[in-house]
Structure formats: structure tokens, C-alpha cells
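Okay, so here's the structure we're looking at.
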Amino acid sequence: MSTRTSWADLAANSAAENTTAGSSANNASVGTTSAAPARSTYVPPHLRNRVPSSDPPAPAYSGPASSNDRQGYGGPASSNDRQGEREVNPFGDDDDTEQAFSEQENTGINFDAYEDIPVETSGENVPPPVNTFAEIDLGEALNQNIRRCKYVKPTPVQRHAIPISLAGRDLMACAQTGSGKTAAFCFPIISGIMKMQGQSAQRPLRGARTVYPLALILSPTRELSMQIHEEARKFSYQTGVKVVVAYGGAPLNQQLRELERGVDILVATPGRLVDLLERARVSLQMVKYLALDEADRMLDMGFEPQIRKIVEQNDMPLPGARQTMLFSATFPKEIQRLASDFLFNYIFLAVGRVGSSTDLIVQRVEFVHESDKRSHLMDLLHAQRANGVQGKQALTLVFVETKKGADSLEHWLYVNGFPSTSIHGDRTQQEREQALRSFRSGNTPILVATDVAARGLDIPHVAHVVNFDLPNDIDDYVHRIGRTGRAGKTGLATAFFNEGNASLARSLADLMQESNQEVPAWLSRYAVRSSYGGRNRRSGGGRFGGRDFRRDSSFSRGSSDYYSGANSSGGYGASGGYGGYGSGMTSAWD
DNA sequence: AAAAAAC
């Protein structure tokens, strides 16, 4: 059955084609176009005036705010100007797009298992969930793309999150790895921008080459931004909504050229975006939608300053004047608290799983001394060779702690006859993308990776995730094993545990128990010995992703504002029907 | 202590 391939594979293929074609085309024109940095238009952030929203926008222009009018350097361009330039069909099915629809495939998700998914919502006036895409007014062009993607029915997170977003509400959403979060925030954004196209919107005229995206989607790694871009491009095909991606390690000029051709939705990693903002090539003044994917990662210690810079120290509209959506599979309470700075009267949504992490992934933990790890891995891989699928070895993703460790393990595997490659932050962007392509295609069915590959990447056919080195944080473990068992498929996750991982024992044992996994007796003994509920306790507790920190009374001390108003009573549980947990939950702050 | 993210 070809269901598994459908569009996820197309994404991989088209990503591969785009990168190669794109880079060679670009090389040809670099130097002839605007290669020089825009020094003349650069204004340091602290000298830029924040334009109050009441200011009349600069005159000059009053056309529809569609992507079509934003090419070039800001001169009004009729919406016909891009007609000659045909939009590349991201589905690769130019001949008969409706044929794909008639196959009635879905993405392989077991939809029956959705019926009793636990859901928690909290916040004021939570819009009710929908059961079908048809009952939501997303617009015909978007609906057609949804059909082309063979999405027959919304996933649980989509059922709840899309109506909330369409109602204009801010949202903090927890949903399992592989459960369709990208579409959940892309659909409302695309639909909203399509509706704006009809209105006559005016755009300010600053630097002639400044572009004004209407939506900004941030993610923590370059490859994840690429993936989101590919998906968003499918969803917005022939809608007139233009999606552009910007990330580091790749030629800036090519990305600038894309931006100048018009951008409605900008997908970016933080570093490159800050660069573009400092060069005044991008203004966030017109942003109506802000989405943070892997939001807890985006707000952790390493990223928070950059995110604050982007969101708070540029010209982005304030919370309430924009719509903000935060998505992740994990949401530690202390990060939730931080995140509330970026939100206005938001709804918290936690959706239990299907198509992901816990029950569909068989988790094994083996006690392996540091010095035995390689030979132990070899044993696993040998055993796996036997059960290759269709003559192809199943894909195995091996996580290690350090970049050096990744290089050396990859080399060792290679020497020992296992075709493998690696991805980590010390490799060039070309090498990283090549490694991912080669892994996806099965050419090198073993990928050794650092945490750069832990989050968000959708790689079909990953049968086995090996935690060669366990992470220090249980949430990272959740994301790593979530690279398998996606969209209703089963998966296997094996962890090598030894004395060095004692601090993880407790949370690992808890997580495994919550997901009905067999917990080895020796691990339980480690668990009792180690940290009593410390920082490593699972953020949400319970069977799935999380719980609104506003409902936790421990957060009210010393900060009454968090506990007041919005969530005092009655507002939550509107669509829940899952009351079986909550009382005995330990706060991550306890 | 490590990883990620701009040039």
C-alpha cells in the first residue's frame, strides 16, 4: 500500500530538488544582482522609530495586500504581474490533481483511535472543536490543497486549534510529536491572509527594499524551518499567499532575492531573522500572525534573548494587536510562565496522542557501560539487518550527546561496514542537508545525530531511534523518540543507560510507566535512589503533554496577575471530557 | 557541560 508515501515523501523529494536547483540557479546570478549588503538603508534598531499604529501609513500605495503586489522594490505592481511566472506545483502532479484526491488515501493515521483522545482546554470562551475540514470556512483554494495532501479529516490538535485560531485567539498548544501541529497553525494563517487579500491594505514605505511579512513562523533549527516552509508551500499553492524561508548557513543573497519577490509568510530561524532585521530588509510592522514551533525550545535559556529581541525589540505589533500561537509536544511550567509575556488572553490546549510518542513507540532501556556502547549498537544493527523491509534496511536514527561523538561514531560505523552519515552543528549546511536527504532516501539508512535532529523533523520510515547517549532532560528524550512512530505508525526506541544517566532515571521510569512500557527493575531501583521530583520531573505529568500552568496554584504566589481573571473558573474544560487526572499532579516548581 | 542559532 502506498499510503505511507503520499505527500510526506513528496516533501522530501521536492525539498531535495529545490535545494539543488535553487543553489545552482543562484550561483549564476550572484554578483550581478544586489549582492552588496544594504548598508545605505541600514538603521540600527535603537534609532528606528516605532511607528504607532495610529499613524497614517505612508501614502504611495494602496493595493491589495496580496503577495502579488509585493515584488520588486515596492512599486505598486498589478496583481497580474506574476502571471507569467508560473507557481511551481509543490505536489508534482500537474497532470491530474484531482486524481490523487479520488484515491481517498489518508496519511496512514489511524483515525479510529482519535475518538477517545484526552483533551484539556482552559481560558475564556473556548471555541468548540470541529469534526471535519468542511465545517470550517478556510477558503476554496486551501480546501483544495488539503484534499491534495490527502487529509481527509482533521487530527485532534487540528480539530481544536484551528477553530481557536480562526476565532482570532492566542493559543498555547501541547500536542504529541507527529500529530499534525504544522498544519494546525498554517491553515488559519493562510486562510486569514487570503481573506486579507480582498481588503485594501496599505503598507508603509520605509527602505525601498524592506519587506513586510504578514505572518512569522519561527523554529529552532534550519532543517525544521525548511520542512515547515515545504509544508506551508503545499498548503498555500494557488492561494496567492507567498511563503519564504530564511535561515543561516545558506547564501544570504538567494534568500534576499526570494524576499524581494514578495512574502506573506516568513518562516525563519532566529539568527538569520535578527540579521535581516538589523539590515532593515525585513520589518515586522505588518505581522498579524506569530507562530513559534517547538515553542518551549524557542524560549529556553539559549534562545530566549533572541526571541525577545525579535518579538519585543523590533516593530512587531504588541500582544493583542497580533495573534500569537505557541506549539510544542512539551511545555515545562516555567517556560509557560515565560511564554505568557508574548500572549494575550490565550487559550491553553493539550491534546493527547495518536500517531505519536507514547503507546505506538515501544521503548526499551538497556544497561550498557560506556565502553560497551559501540559493540552493543553493532549487535542491534546486525539483528536489524535481518528484518529489512522490501530489501531495504529500516531507517535507524542514533542520537549522541556531542558533535565530536557524532563524527567519531559515524566514522566507526562506516569502517565497520554500516552505511551511515551524520548531522550536527559543526557540519556545513550543505553537508547537513545532504545527510538528511541521504538518510531519507535510504541511501545511508543510519543517521548519527546530535539534538539538532531531535525536534520536529518528519522523516518517514524511521523504524528505530537509538539513544546511544541519553539526554539530560526528559523532554528532549520525548522529542527524540518522537522521530519514530509518526502518524499512527509503530516505532521502536532503544536507550543505552548507565551510571552517568542516574539523574534521568526517575523521570524516564515515570514516563515509561505512563506510556505503558515495561520498566526494568534495575531502572526502578535507580529511580528511587535518584532525584526526588527535582527539575527532571516531567513537565506535564499525567498521560500527555501538559497542563495549563495558570491552573496551578503554586504559580499564584507572588504573582497574582497570572492567576487572576481569565482562568479563575468555568472557563476551562469546555471541550474536555477528560477528568481522570490532575489532582495528584506535581508541579515542576514544587 | 552540550547543543542550537548570523556573518
Side-chain angles (χ1 to χ4, degrees), chain A residues 30 35-39 42 44-45 216-229 245-256 259 266-282 292-311 313-314 328 330 335 370 397-409 422-433 435-436 447-457 467-480 483 499-504 535-536:
Chain A
V30 164
R39 278 297 158 206
Y42 175 74
L216 176 63
I217 301 172
L218 295 173
S219 97
T221 65
R222 297 164 182 174
E223 289 76 15
L224 183 52
S225 280
M226 293 172 58
Q227 178 182 300
I228 295 167
H229 173 240
V245 68
Y247 54 84
L252 181 64
N253 283 319
Q254 185 183 347
Q255 292 173 9
L256 286 176
L259 287 170
L266 177 58
V267 184
T269 48
R272 177 55 61 91
L273 178 59
V274 166
D275 189 14
L276 293 169
L277 291 168
E278 284 175 351
R279 293 168 189 260
R281 300 302 294 261
V282 170
L292 303 192
D293 199 8
E294 308 297 343
D296 57 332
R297 163 66 84 232
M298 302 304 282
L299 296 173
D300 79 6
M301 285 203 312
F303 271 120
E304 190 208 345
Q306 275 179 301
I307 301 302
R308 285 204 187 273
K309 183 168 190 174
I310 291 166
V311 177
Q313 292 159 37
N314 276 280
S328 184
T330 53
I335 304 276
E370 213 54 41
L397 181 49
V398 182
F399 282 104
V400 295
E401 196 57 23
T402 66
K403 295 177 278 198
K404 267 189 169 171
D407 280 337
S408 106
L409 182 59
S422 69
I423 184 167
H424 61 70
D426 273 355
R427 305 201 75 190
T428 67
Q429 191 54 29
Q430 272 198 336
E431 288 170 332
R432 287 166 57 159
E433 290 171 22
L436 211 48
L447 178 66
V448 182
T450 60
D451 269 330
V452 69
R455 286 174 173 256
L457 297 184
N467 274 290
F468 188 90
D469 302 319
L470 274 163
N472 295 313
D473 185 331
I474 193 65
D475 286 340
D476 292 334
Y477 173 84
V478 169
H479 286 275
R480 285 179 176 188
R483 295 318 97 212
E499 307 83 359
N501 308 115
S503 68
L504 191 74
R535 322 188 76 256
N536 248 343

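Per chain, numbering begins at 1; letters A, B, ... match sequence-line order.
Atom CZ of A/Phe399 and atom C1' of B/dA2 are 15 Å apart (whole Å). The separation between A/Asp473 atom CG and B/dA1 atom C1' is 14 Å, rounded to whole Å. Atom CZ in A/Arg455 sits roughly 14 Å away from atom C1' in B/dA5 (whole-Å rounding). Rounded to an integer number of Å, the gap from A/Lys403 NZ to B/dA1 C1' is 12 Å. For A/Gln306 and B/dA5, the CD to C1' distance is 5 Å, given to the nearest whole Å. When the P atom of B/dA2 is taken as reference, atom CG of A/Asn467 falls 19 Å away, rounded to whole Å. In this structure, NE2 of A/His424 is placed 8 Å from P of B/dA4, rounded to the nearest angstrom. The CG-P distance, from A/Leu277 to B/dA6, rounds to 12 Å in whole Å.
Between A/Val274 and A/Gln306, the shortest heavy-atom contact is CG2-O, 4.5 Å.
Panel note: side chain A/Ser219, backbone A/Asp293; no donor-acceptor pair is recorded below 3.5 Å.
A close approach under 4.0 Å does occur between a side-chain nitrogen or oxygen of A/Arg222 and OP1 or OP2 of B/dA6. For B/dA4, one of the phosphate oxygens OP1 or OP2 lies less than 4.0 angstrom from a side-chain nitrogen or oxygen of A/Thr450. Within the structure, every side-chain polar atom (N or O) of A/Arg427 is placed at least 4.0 Å from both OP1 and OP2 of B/dA4.
Within 3.5 Å, no donor on the side chain of A/Asp451 pairs with an acceptor on the base of B/dA2, nor the reverse.
The residue A/Val452 sits close only to the backbone: its heavy atoms come under 4.0 Å of sugar-phosphate atoms, none of a base. In this structure, A/Gly302 reaches the bases: a heavy-atom distance under 4.0 Å links it to at least one base atom across the strands shown.
A salt bridge links A/Asp476 to A/Arg297: one of the charged nitrogens lies within less than 4.0 Å of a carboxylate oxygen.
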**Item:** Verdict with reasoning, A/Arg308 to A/Gln313, per side-chain hydrogen bond (donor to acceptor under 3.5 Å, both in side chains)
**Value:** CA-CA 7 Å; A/Arg308 285 204 187 273; A/Gln313 292 159 37; over 6 Å; no
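Among the nucleotides B/dA6, B/dA3, B/dA2, the one closest to the side chain of A/Glu401 is B/dA2. Nearest to the side-chain atoms of A/Thr402 among the listed nucleotides B/dA4, B/dA5, B/dA2 stands B/dA2.
Legend: residues meeting side chain to side chain contact (heavy atoms under 4.5 Å, CB included) with A/Ala406, ordered by chain and number and at least two apart, are A/Val400, A/His424, A/Val448, A/Thr450.
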